[in-house]
Structures are given as C-alpha cells and as structure tokens.
*Asks:* 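Before anything else, here's the structure in question.
Throughout, residue positions are numbered sequentially from 1 according to the sequence presented.
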Amino acid sequence: MASVGHCLPTFLNGLLICVTLLSGLSVTAKPNRKPNIVLILTDDLDIAIGGLTPLAKTKKLIGDAGISFTNAFVASPLCCPSRASILTGKYPHNHHVINNTLEGNCSSTAWQKSQEPDTFPALLHNLGGYQTFFAGKYLNQYGDAKAGGLGHVPLGWTQWFGLERNSKYYNYTLSVNGKPEVHGAEYSKDYLTDVLANVSLDFLRYKSKYQPFFMMVSTPAPHSPWTPAPQYQDTYKDTKAPRDPNFNVHGKDKHWLIRQAKTPMSNASIQFLDNAFRSRWRTLLSVDDLVERLVLALEASKELDNTYVFFTSDNGYHTGQFSLPLDKRQLYEFDIRVPLMVRGPNIKPNQTSKLLVANVDLGPTMLDIAGYDVNKTQMDGMSFLPGRLNASSWRTDVLVEYEGEGHNVSDPSCPLLGPGVSECFPDCVCEDAFNNTYACVRSVAPSTNLQYCEFDDNEVFVEVYNVTADPFQLANIAKTIDQEVLEKMNHRLMMLQSCSGPSCRTPGVYDSSDGRSGSVRGTQRTSKTRESFSRPRRFFYGER
C-alpha cells in the first residue's frame, strides 16, 4: 500500500474565522489557522428505510457530537449527477451531468474542462491554501481511456487515490496520484473500505502541520455488489427490509413506471431484496470502523477541535417500496432524502435541525468555513454558516431533477414492454425508462411539508404529496389540492429549472419573507386540467 508522504510547500496562514452554524454552532479556530474539513461520502445510503442503524459509532462520534439534519435532500437520485452537484454546488441543469455514462457527461473531457476547475476542493486548494486529499469513488466513469484514463488527476487535489469507475470491494484499480495501483481479493490488503481508511490515516500522519486540510473519503458501501468484510459476513442473519406501509404496495395513482410494478411481488424478488438489504447493512459496519479510526486519529493529533466532519450520501435507496425491488432513481423520500450529520469546533452536541438543506449546499458551506466568498462563485447552493442561516429567513424549497434512461430496443427477457425501459428485473419490473424524466420542488416550511413533481412526458404527469399527513407518500393529491397551490408550485418549478447561481436562492412559495405562502388542503376543486399548466422546459440537453 502506498504511503502518503508528500506535502505542498507552506502557504500563508489564514485569518481567524469565527462562524456560527444555526443557533449554538460556531467555529473557533486556532490562532492563524483555518478550520480543517473532512467529508465522508457513502454510496447509496438511505435514511428513510433504516440505513443509519448499523452505524452506531458514526452516530455517536458525528451525529451525537454535533448536528443532524432531518431534511437533507439530493439534487438528483443517481450517483454521478449527485456527486457532480456536491463537487460543484450546482443543480444538474447547470453542471450538465445527466447520468452515469460518459455520454451523459460523467467524468467526460467536457466535465473536466468546464466544471472541475471550479469545484469547491479546487477552490479550497488554489485560493484557500488548503492541502486536499481524496480517496475512493469519484465519478462513475473516472479512469475511462476516452477521458484521460487513470493518469487524469482532477485539478486541486494534493493527494489523489481515485477508484477506477464504480464501487467495488475487491479486484479494482486505484489511481494513486495518476499512477495505477492494482488490487486483488485478499482481505488484509485489498478490501476497499479498509484501504481507504489506511491511506486516509497515512495522509493525516504525513501532511503538513502548517496548512489547513480538506479530506474527502468516498466509500463503496453500501453500493452493490454488497461484499462485506469477513468478520461481518454473518451479521444481521434475521434482518429483513422494513415492511413499511409503502412496502409491496401498488402505486395506483403514480407515474406509469411505478404502476407497472407487479403487486404483490414474487417470492423470488422479496427474497432477493431481503438478502440485499442484509448485505448492505453488513458493508456499513466497515464504514463505521473507518469513521471511528479517523475521528480517533484526529483526536490523538489534537486536531479534532479545529476540524469539521461531515457525513452524508450521494442518494438514498429503496427495497420493495411500491413493489420496486431495489434501486434509487425515483422521486420519493426514500431515494432523494439522505443522512447529513456535522460536527465541528464548538458545535453543541445532540442538535437536530429540520431546516431544508441540499447537497448543492455542501460546497458553499465548506468554502464559507474557509473564509471564501461564495458569491464569487456560480454555485446554486447556499452556505448554512453564520449570518446566512436562521429559521425565519432560510429558503423553503430545493429542486430535484432526474433524466430517465432507457434502451432503444426491447429487453429480450421482457419483449412485451417494448423499447424505452431499463434496469429490468427477471419478473419484468423495470426501475427506469426514457420518460421517467421529472423535476420536483421539495418544500419544507413551518406551514407545509410538500413535494410537487412534473414528468416530461406526453401527459405532463403531476405528483403531489403532503408529506406531513402522508409520510409514506401513498396518496397523490394532485387532483384534490387547491388549484392556487398547484399553479404557484408549477411556476416555482419552472423558475428553478432555469435558475443559475443567485437566482436559485430566491424566495419560494412558502418563504415567510415573500408573503405569498399557500396552504395545502385536500378539498376537491373544479379547476383547470393538468395539461393546462405551462409545460416544463426540456431538461438539460433538449429533445432526444
């Protein structure tokens, strides 16, 4: 295993920064030292169906030691678009990564030229004087020969341990500062989660003591193939996916892709998803160990008190909800809501916040920690640091975008479905399709907890959920909600789909400062049909 033993020349020390995150969160840096930042990013970790359960040490060391955000969402429920939003602080319609393929701009040369120079790690390194360290999964097509191969090290990283392509646990290749390092299938040397922990500890051991640092550790877990470490392979033997009210239930009033799922699910599908659920939890036990090792190392080096530690995921996940076996591409809470826990200098322990944050806010927040003016960037997100965030003025909505994927020919195992679908299971339940293309406004305010979504299809199909009254999103209230609310949400959606930078942060329908708050009621109205709404603009690249 290569050690991290090279450090950049010393930069000028930064100014003292004193900041406050919500009520009771502040940064008190050591004299002439900016705070350090650690971001631990998991892969496909849900919060809605118990994903945090195996992470007892993580919850204690980060969540209980700081603040947990219960309304944290992703800009897109798919790995590469979501990770691009984290890195750039932009919604997908602005960073133009639409799926996990090179053609979809995932780690393409166009991405490298247009977006990588302005990611928040690059700004921390180039303008903030930070040492920067990356280990793990970057973007799904990283390392593709058509985009520079493993020799490409994204701008702004002092030390780079990038995984070639998608999540694996064994038999993978890392780019170690641009040079390939091949790993096999021996647990003690090759299990990726442990390798990431080891190289991260090496970085902490050998980095410069005179510069602040930023670390991003991106684990494979709990993404498929769900390979646990040997010591954990027999845990959770009796665990099953949670049988919540939306488990194995027909989504009768939802988009056609959800309606096509077979209910009840076959016994084979249920057994498959239960096995996957157990395996996912088993892989997370190694993530829990990684978090513990990093936090204890920071404590031992007396750097923990001056270090922010963030823990989150690139998207959620589902296992059997609305009879969909397993995936993460849908608009519902289980796919778009993620864990977010933060500890840091003088953050009061055991805090919980219901304020609405999104993964486009992570970059702006970390730049703000470093003292960099986020307004100098083109980021769509907002910093949740001092003076920027309080319950009375914080924004009440975020945008969620997804561009559906399908095949131009019929799936040979499911010919009756015709072309246009993808991610199909043996019983011909498909998790995606070309017209599974949607955009949503997710609103959280004292007066409402609402989700409004429109599909870019021939129907302009609409789904609306009052998440307070219906947390499992069983009833689409698009036909019974007040027409005034529908029209306001439709207008807000169109505005967010065309926003960029500061225009993404303008007051929403339910912002108290805007004075236009609507109400969510279930009374039947005779009103315009959904087809009379303004059709949303075509997402990202125009018509197929």
Side-chain angles (χ1 to χ4, degrees), residues 22 69-77 85 89-94 331-333 336-338 340 353-365 374-375 378-385 387-402 438-455 462-470 473 477-478 481-521 533-537 539:
L22 303 174
F69 292 87
T70 59
N71 287 306
F73 294 88
V74 296
S76 187
S85 287
K90 297 178 182 179
Y91 287 121
H93 69 263
N94 287 327
L331 57 86
Y332 308 104
E333 294 286 282
I336 66 172
R337 194 156 63 93
V338 293
L340 177 59
S353 174
K354 295 181 180 179
L355 295 183
L356 180 67
V357 294
N359 61 356
V360 294
D361 299 328
L362 291 171
T365 301
V374 180
N375 291 322
Q378 292 300 311
M379 293 184 174
D380 303 330
M382 303 167 64
S383 167
F384 44 80
L385 282 181
R388 331 270 191 238
L389 177 111
N390 62 69
S392 62
S393 62
W394 187 247
R395 55 106 131 83
T396 63
D397 60 27
V398 293
L399 176 68
V400 180
E401 301 177 290
Y402 181 71
Y438 58 81
C440 304
V441 179
R442 186 66 178 86
S443 297
V444 176
S447 61
T448 193
N449 189 2
L450 183 71
Q451 184 179 24
Y452 173 91
C453 301
E454 290 185 10
F455 284 83
V462 176
E463 293 190 32
V464 183
Y465 298 96
N466 180 345
V467 184
T468 299
D470 181 19
Q473 297 172 292
I477 59 172
I481 192 173
D482 284 356
Q483 182 67 21
E484 180 184 2
V485 174
L486 281 180
E487 291 174 349
K488 286 181 176 181
M489 297 304 290
N490 168 257
H491 178 77
R492 180 63 175 165
L493 178 62
M494 288 192 296
M495 191 288 295
L496 285 174
Q497 284 186 264
S498 59
C499 76
S500 179
S503 64
C504 298
R505 311 170 206 149
T506 55
V509 172
Y510 292 95
D511 283 62
S512 58
S513 60
D514 193 41
R516 295 188 292 113
S517 180
S519 61
V520 179
R521 296 197 292 267
F533 293 164
S534 299
R535 185 177 177 86
R537 70 183 183 86
F539 303 168

*Asks:* What's the shortest heavy-atom distance between Ser503 and Thr506, and which atoms?
*Replies:*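 Heavy atoms of Ser503 and Thr506 come nearest at O-OG1, 3.3 Å.
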*Asks:* Say you draw a straight line from CD1 of Ile477 to CG of Asp482; how long is it, rounded to the nearest 0.5 Å?
*Replies:*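 It is 9.5 Å, given to the nearest 0.5 Å.
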*Asks:* Run through Asn449, Thr70, Val444 and flag the one making a side chain to side chain contact (heavy atoms under 4.5 Å, CB included) with Leu356.
*Replies:*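 Only one of Asn449, Thr70, Val444 forms a side chain to side chain contact (heavy atoms under 4.5 Å, CB included) with Leu356, namely Val444.
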*Asks:* Look up atom CG in Leu486 and atom OH in Tyr452, then write down how far apart they are to the nearest 0.5 Å.
*Replies:*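 Those atoms lie 6.0 Å apart.
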*Asks:* Could you report the tightest heavy-atom contact between Asp361 and Arg395, atom names first, then the distance?
*Replies:* OD1-NH2, 2.7 Å
*Asks:* Under the side chain to side chain contact (heavy atoms under 4.5 Å, CB included) test, which residues partner Ser443, sequence neighbours left out?
*Replies:* Asp397, Val441, Leu450, Met489, Tyr510
*Asks:* Minimum heavy-atom separation for Thr396 and Ala445, please, with both atom names.
*Replies:*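 Closest approach of Thr396 to Ala445, heavy atoms only: CG2-CB, 3.8 Å.
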*Asks:* Given side chains that start at C-beta, do those of Tyr91 and Gln497 come closer than 4.5 Å, heavy atoms only?
*Replies:* no
*Asks:* Heavy-atom distance under 4.5 Å between the side chains of Leu331 and Val400, does that happen here?
*Replies:* no
*Asks:* Atom CD1 in Ile336, atom CG in Asn359: separation rounded to 0.5 Å?
*Replies:*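 One finds 11.0 Å between CD1 of Ile336 and CG of Asn359.
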*Asks:* Using every non-hydrogen atom in the two residues, find where Pro364 and Val374 come nearest and quote the distance to one decimal.
*Replies:* O-CG2, 3.3 Å
*Asks:* Specify the closest pair of heavy atoms between Asp380 and Gly501, including all atoms of both residues, with the distance to one decimal.
*Replies:*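 Asp380 and Gly501 have their closest heavy atoms at OD1-N, 2.7 Å.
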*Asks:* Heavy atoms, side chains only, cut-off 4.5 Å: are Leu399 and Leu493 in contact?
*Replies:* yes
*Asks:* Donor-acceptor pair, Ser353 side chain versus Phe69 backbone, under 3.5 Å?
*Replies:*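 A pair under 3.5 Å: no.
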*Asks:* Work out which heavy atom in Val357 is nearest to a heavy atom in Phe384; give both atom names and the distance.
*Replies:*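 Heavy atoms of Val357 and Phe384 come nearest at CG1-CD2, 3.9 Å.
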*Asks:* Given side chains that start at C-beta, do those of Arg442 and Val467 come closer than 4.5 Å, heavy atoms only?
*Replies:* yes
*Asks:* Aromatic rings Tyr465 and Tyr332: how do their planes relate, parallel, tilted or perpendicular, breaks at 30° and 60°?
*Replies:* perpendicular
*Asks:* Under 3.5 Å, is there a donor-acceptor pair linking the side chains of Gln473 and Gln451?
*Replies:* yes
*Asks:* Examine distances only and state if a side-chain atom of Ser498 and a backbone atom of Met494 form a donor-acceptor pair shorter than 3.5 Å.
*Replies:*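 Flag set: sc Ser498 to bb Met494 pair under 3.5 Å.
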*Asks:* Apply side-chain hydrogen bond (donor to acceptor under 3.5 Å, both in side chains) to Ser85 and list each qualifying residue two or more places apart in sequence or on a separate chain.
*Replies:* His95
*Asks:* Is the shortest side-chain heavy-atom distance between Leu362 and Leu340 below 4.5 Å?
*Replies:* yes
*Asks:* With a 4.5 Å cut-off on side-chain heavy atoms, are His93 and Cys499 touching?
*Replies:*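 Touching, per the 4.5 Å side-chain cut-off.
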